[in-house]
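Each remark here refers to the structure printed beneath this line.
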Amino acid sequence: MKEGMFTDMLATVRRIPKGRVSTYGEVATASGHPGAARQVVWALRAGKNVPWHRVLGAGGRIRLTGESALEQRLRLQTEGVTITGDKVDLKRFHHIFKPAKEPVA
DNA sequence: AAGATGACGCCCG
DNA sequence: CCGGGCGCCATCT
């Protein structure tokens with residue numbers, strides 16, 4: 001039965017370990033839906049038991065606004081993720097998804 | 001069916 | 001770094 005793109009995306013987000021982050025674009029690609037970064041947002045809004053706070057905009061920038069952004073910062077900091085200004089240093093906290101398969105050529 | 005929306009991304013000036 | 005413009009794509013009006 002067809003699970004759908006949202007399910008794929010949520011499963012991918014759930015693989016981001018505590019204390020690490022990823023981006024909408026990365027999640028889209030890693031879940032098999034390159035270019036569907038916007039759909040990752042729908043998935044996060046609809047999904048449950050999902051570490052949505054670990055997903056950021058390109059460059060590690062927090063894209064949420066208002067109260068939601070505050071909560072995201074709080075949650076990330078609680079996990080030990082450092083936020084400078086409005087972004088996270090991907091060099092330090094970026095989670096690299098395990099390549100689907102095919103070892104590096 | 002047509003237009004508007006958005007927690008996006010990338011390129012350009 | 002910042003703003004502006006365009007492409008993308010499921011969902012909503």
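The figures here come from the full heavy-atom set of this structure, side chains too, leaving out hydrogens, waters and symmetry mates. In what follows, chains are A, B, ... by sequence order, proteins preceding strands, each numbered from 1.
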Worksheet item: Could you write nucleotides 2-13 of chain C as a row of B, S and -, 5' to 3', where a protein heavy atom under 4.0 Å of any base atom gives B, of only sugar-phosphate atoms gives S, and otherwise -?
Response: -----BBBBS--
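- Considering only residues two or more places apart in sequence or on other chains, A/Ala58 meets the side-chain contact (heavy atoms from CB on, under 4.5 Å) condition with none of them.
- Contact of the A/Val41 side chain with the A/Val55 side chain is not registered, since no non-hydrogen atoms from C-beta on lie closer than 4.5 Å.
- Looking at residues 50-83 of chain A, you'll see A/Trp52, A/Gly57, A/Ala58, A/Arg63, A/Leu64 sit with a heavy atom under 4.0 Å from some atom of DNA chain B.
- The NZ-C1' distance, from A/Lys87 to C/dC1, rounds to 9 Å in whole Å.
- Listed by first and then second residue, the side-chain hydrogen bond (donor to acceptor under 3.5 Å, both in side chains) pairs that reach into residues 39-49 of chain A come to none, sequence neighbours excluded.
- Note on residues 52-71 of chain A: pairs passing salt bridge (charged side-chain N to carboxylate O under 4.0 Å, His left out), not counting sequence neighbours, are A/Arg54-A/Glu79, A/Arg61-A/Asp86, A/Glu71-A/Arg75.
- In this structure the side chain of A/Thr82 reaches within 4.5 angstrom of the side chain of A/Arg92, judged on heavy atoms.
- Listed by chain and number, the residues in a side-chain hydrogen bond (donor to acceptor under 3.5 Å, both in side chains) with A/Glu26 are A/His94 (sequence neighbours excluded).
- Take A/His95 and apply the ring pair (Phe, Tyr, Trp, His ring centres under 6.0 Å) test, not counting sequence neighbours, and it matches A/Phe97.
- One interatomic measurement links the two molecules: CG of A/Leu90 to P of B/dG9, which rounds to 11 Å at whole-angstrom precision.
- Sorted by first and then second residue, the pairs that involve residues 15-25 of chain A and meet side-chain hydrogen bond (donor to acceptor under 3.5 Å, both in side chains), not counting sequence neighbours, are A/Thr12-A/Arg15.
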